[in-house]
A.B. asks: 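I have a structure I would like to understand better, so I am pasting it below and will then ask my questions one at a time.
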Amino acid sequence: MMPLVLRRLGMALPTLLGVTLVIWLLLSLLPGDPLAFLLPADATAVDRAKLATELGLDRPLPVRYVYWLFDVIRGEFGFSPFRHRDISELIQNAWKNTALLASFSAVFGLVTGITLGTLAGVYRGSAVDRFVTGFAIVGLSVPSFWVAILLLIVFSAQLRLLPAGGLSNWAEGPGHFFSHLAMPVLSGSMVSIAITARVTRASIAETFRAEFVDTLRAKGLREYQVLMHVAKNAVSPVLTTAGLQMGFLLGGSVLIETIFSWPGLGQLVFNAIAARDLRVVQATTVLIAVTFVLLNLFVDVLQMTFDPRQKRGV
Amino acid sequence: MAIAEPLAGNAAAAWLASDSPTRPESYMQAARRRFMHSRVGLVALAVLLLLVVVSVAAPLLTPYDPSIGQPAARLRPIGSPGHIFGTDEQGRDMLTRILYGGRMSLIAGLAPVLVATVIGTILGSLSGFVGKWVAMLIMRTMDMFYAFPAVLLAIAISASLGPGLINQIIALSIIYIAPIARVAEAATRRIVVAEFIEAAKLTGAPTWKILFTQVLANIFSPIFVYSSGLVGLAIVTAASLSFLGLGVRPPTPEWGFMLNALRGTIYVNPWVAALPGFFIFATSISFNMLADSIRDSLDVKE
């Protein structure tokens with residue numbers, strides 16, 4: 001098993017290089033003066049040239065990419081003149097908060113989605129099935145930021161039950177902690193719930209048609225025991241989409257964190273865009289993309305353990 | 001040169017064997033008949049057509065200007081006399097802004113899928129047909145785009161290009177090229193081994209001609225089904241970019257941006273603030289349901 005994991009890891013390396021290259025190209029080559037916001041208004045041509053040399057902008061492009069890449073690997077992202085902080089420091093704090101929100105959303109989304117999908121798959125054609133199928137198409141179409149605003153209107157503005165935003169520490173008590181998490185998690189995991197429910201339903205329904213199910217029933221297994229066997233065989237496609245959903249969660253975090261004033265990477269990106277602070281956008285995007293690649297790698301490895309057939313494949 | 005129609009072979013043979021005077025139903029006729037019988041698809045299509053008509057005809061339907069408000073009439077609730085959808089934080093009529101905003105939201109959602117479908121189909125069919133290093137180069141580049149969360153990539157591209165409708169369309173087009181190219185490539189690879197392609201090659205037809213007539217006609221259905229399924233998602237993603245201030249510039253109304261601008265008023269005028277989001281949702285779900293019916297009608301397996 002181990003060499004296989006290593007091989008998959010080897011495959012992830014070119015992807016990671018590609019990802020950094022795309023982001024670097026995007027934010028280095030596109031129109032716009034990279035020095036425009038860094039120079040004082042009365043800067044002379046000499047000041048300009050000096051700053052360009054300092055930032056390495058006078059070097060040829062491939063060299064600049066390699067230098068930048070090594071900076072990224074060492075965690076050196078430069079300085080944000082807008083926030084008056086080192087970008088790596090900004091990112092470190094934000095990353096923890098995003099990881100907290102994203103993991104709660106992912107767990108909530110997967111558990112809810114798998115539960116709904118399994119119910120629908122087992123009771124095919126029933127009212128439960130129709131409800132879950134309908135809910136899935138709504139969840140796939142509904143903008144998460146609109147759900148967030150609806151939740152705010154109902155629970156914060158009208159009922160005054162939940163705080164409108166901000167982050168809470170575990171130290172302030174579980175009630176306080178979860179009341180701040182509830183709305184961001186619910187709105188952020190909407191898409192996850194929908195996709196997971198849909199895929200789980202399809203996979204369970206498909207597996208129930210397999211011949212081994214008849215064998216199990218003929219052997220006299222109870223229905224819940226049959227379901228355990230079916231579930232184990234149906235898990236693979238669900239896992240595949242789980243990795244994909246992390247992309248939705250991480251990308252959607254920009255909107256959710258902005259709406260709920262959650263001090264994570266998403267809010268950092270939003271504020272950086274508004275200030276045209278492209279170096280922060282670049283650093284944050286790289287970090288999220290790398291996290292996404294690594295998560296997908298993790299899901300692949302997990303899948304190999306669940307589905308031995310894939311060990312022979314790859 | 002006859003364009004090969006999937007499924008038509010057996011039907012044609014059956015027609016020749018019988019001496020029925022009527023022509024057998026073609027693939028497209030059958031698809032149209034199935035679509036006309038799907039209630040969900042027809043309702044979704046009607047809703048979308050209505051949205052297009054009212055947003056195009058907005059100046060005829062409302063006496064107000066979408067970007068000039070009356071400061072005295074700010075934040076009127078839904079159902080106010082003269083403003084059935086209320087007014088926004090600058091006293092502009094919400095119904096007017098929703099109608100005009102539909103133009104931008106529909107363009108921002110449809111245009112990128114159209115652009116990405118054309119480019120993705122060219123790239124995908126080319127690499128599926130030619131294979132070798134061309135396929136290697138194109139498809140490995142596409143893989144790179146798969147490594148990003150799509151929304152985040154769109155945000156990064158949009159942020160570096162700057163706000164504006166055209167830049168927003170470019171950013172969204174880029175993120176949808178890769179998945180469409182994959183679908184096109186897979187479909188092309190399935191079709192290039194077919195005998196009629198072999199026959200066309202043997203008759204000496206030039207590559208571009210085979211590609212444009214034989215291949216394109218046969219990969220159309222799966223690509224069309226996949227692309228139509230993307231529109232609902234693109235509508236939401238486009239609105240997300242506008243919500244972040246990366247879409248059309250104010251005061252031009254656009255649903256995503258309106259939703260963000262009204263965010264601060266949820267404590268005083270809550271349901272008006274929720275309206276633009278409802279229209280994004282209604283448009284997106286209609287496109288998704290339409291896409292589902294199209295898939296079933298064209299009989300394409302996912």
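First the proteins, then the strands, lettered A, B, ... as listed; each starts at 1.
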A.B. asks: Does B:Arg263 CZ have over 12 foreign heavy atoms under 6.0 Å away?
C.D. replies: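 Yes, CZ of B:Arg263 has more than 12 neighbouring heavy atoms, counting only those of other groups under 6.0 Å.
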A.B. asks: Would you sort out whether A:Val147 and B:Phe281 count as a side-chain contact (heavy atoms from CB on, under 4.5 Å), showing the intermediate values?
C.D. replies: CA-CA 10 Å; A:Val147 177; B:Phe281 169 59; over 6 Å; no
A.B. asks: Could you go step by step and tell me if B:Val151 and A:Val254 meet the side-chain contact (heavy atoms from CB on, under 4.5 Å) rule?
C.D. replies: CA-CA 9 Å; B:Val151 178; A:Val254 180; over 6 Å; no
A.B. asks: Using a cut-off of under 4.5 Å for heavy-atom pairs, which of B:Asp143, B:Leu244, B:Val236, B:Asn288 has the most such pairs with chain A?
C.D. replies: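 Result: the option with the highest number of such pairs is B:Leu244.
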A.B. asks: Determine the option with the most heavy-atom pairs under 4.5 angstrom with chain B, choosing from A:Val138, A:Leu250, A:Leu140, A:Thr284.
C.D. replies: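 With the most close heavy-atom pairs to chain B, the winner is A:Val138.
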A.B. asks: For the atom pair CD1 (A:Ile23) and CD1 (B:Ile157), what is the distance rounded to the nearest 0.5 Å?
C.D. replies: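 Nearest 0.5 Å value for the CD1-CD1 distance: 10.0 Å.
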A.B. asks: Around atom OH of A:Tyr65, are there more than 12 heavy atoms of other residues, nucleotides or ligands at under 6.0 Å?
C.D. replies: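 More than 12 within 6.0 Å, yes.
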A.B. asks: If you look at every heavy atom in B:Ala156 and A:Thr285, which pair is closest and at what distance?
C.D. replies: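 Looking at all heavy atoms of both residues, the closest pair is CB-CG2, 3.9 Å.
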A.B. asks: Is B:Leu262 in contact with chain A via its backbone, its side chain, both, or neither, using a 4.5 Å heavy-atom distance?
C.D. replies: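 Contact with chain A: none, neither part.
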A.B. asks: For the residue pair B:Pro270 and A:Ile153, what are the closest heavy atoms and their distance?
C.D. replies: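 Looking at all heavy atoms of both residues, the closest pair is O-CD1, 3.2 Å.
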A.B. asks: Counting heavy-atom pairs closer than 4.5 Å to chain A, which one of B:Ala150, B:Gly277, B:Pro163 comes out on top?
C.D. replies: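 Answer, by heavy-atom pair count under 4.5 Å with chain A: B:Gly277.
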A.B. asks: Of the listed residues (B:Ser240, B:Gly232, B:Ser158), which shares the most heavy-atom pairs with chain A below a 4.5 Å separation?
C.D. replies: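 Most heavy-atom pairs within the cutoff with chain A belong to B:Ser240.
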A.B. asks: Would you give the length of the straight line joining atom CG of B:Leu152 to atom OG1 of A:Thr291, rounded to the nearest 0.5 angstrom?
C.D. replies: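 One gets 10.0 Å once the value is rounded to the nearest 0.5 Å.
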A.B. asks: Less than 4.5 Å to any heavy atom of chain B: does that hold for the side chain of A:Val191, its backbone, both, or neither?
C.D. replies: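 Nothing of A:Val191, per the 4.5 Å heavy-atom cut-off to chain B.
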A.B. asks: Which one wins on heavy-atom pair count under 4.5 Å against chain B: A:Val154, A:Ile288, A:Val281?
C.D. replies: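 That would be A:Ile288.
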A.B. asks: Which heavy atom of B:Pro149 sits nearest to which heavy atom of A:Gly251, and what is that distance?
C.D. replies: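 Heavy-atom minimum between the residues: CB-N, 4.3 Å.
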A.B. asks: Would you mind telling me which of B:Trp271, B:Phe278, B:Phe243, B:Phe148 has the largest number of heavy-atom pairs within less than 4.5 Å of chain A?
C.D. replies: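 Answer, by heavy-atom pair count under 4.5 Å with chain A: B:Phe148.
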A.B. asks: Within a radius of less than 6.0 Å around CD of A:Gln158, do more than 12 heavy atoms belonging to other residues, nucleotides or ligands occur?
C.D. replies: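 Enclosed: over 12 neighbouring heavy atoms sit under 6.0 Å from CD of A:Gln158.
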A.B. asks: Run the numbers on A:Trp146 and B:Ile280 for side-chain contact (heavy atoms from CB on, under 4.5 Å), then give the verdict.
C.D. replies: CA-CA 9 Å; A:Trp146 185 53; B:Ile280 302 171; over 6 Å; no
A.B. asks: Which bit of A:Ile273 is near chain B, if near means a heavy-atom gap under 4.5 Å: side chain, backbone, both or neither?
C.D. replies: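 For A:Ile273, the side chain is the part near chain B, not the backbone.
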A.B. asks: Go through the atoms of B:Phe287 and report whether side chain, backbone, both or neither lie under 4.5 Å from a heavy atom of chain A.
C.D. replies: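 Answer is neither: B:Phe287 stays 4.5 Å or more from chain A.
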A.B. asks: Can you say whether B:Ile235 sits under 4.5 Å from chain A via the side chain, the backbone, both, or neither, judging by heavy atoms?
C.D. replies: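 Contact with chain A is absent: no heavy atom of B:Ile235 under 4.5 Å.
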A.B. asks: Only pairs of heavy atoms separated by less than 4.5 Å count here; which of A:Ile259, A:Val290, A:Val293 has the most with chain B?
C.D. replies: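 Between A:Ile259, A:Val290, A:Val293, the count favours A:Ile259.
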A.B. asks: Tell me, out of A:Ile137, A:Thr15, A:Leu150, who's got the most heavy-atom pairs with chain B below 4.5 Å.
C.D. replies: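 When all of A:Ile137, A:Thr15, A:Leu150 are compared, A:Ile137 has the most.
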A.B. asks: A:Val19 versus B:Phe145: any side-chain heavy-atom pair under 4.5 Å?
C.D. replies: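 The answer is no, as the side chains (C-beta and beyond) never meet within the 4.5 Å cut-off.
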A.B. asks: For A:Gln282, which atoms come within 4.5 Å of any heavy atom of chain B: side chain, backbone, both, or neither?
C.D. replies: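 When you check distances to chain B, no heavy atom of A:Gln282 falls under 4.5 Å.
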A.B. asks: Would you indicate whether B:Phe35, at its atom CZ, is surrounded by more than 12 heavy atoms from other residues, nucleotides or ligands within a distance under 6.0 Å?
C.D. replies: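 Atom CZ in B:Phe35 is crowded, with more than 12 foreign heavy atoms closer than 6.0 Å.
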A.B. asks: Assess the residue pair A:Ser156 and B:Tyr267 against the criterion (side-chain contact (heavy atoms from CB on, under 4.5 Å)); give the C-alpha distance rounded to whole Å, side-chain angles, the decisive distance to 0.1 Å, and a yes or no.
C.D. replies: CA-CA 9 Å; A:Ser156 195; B:Tyr267 292 92; 3.3 Å; yes
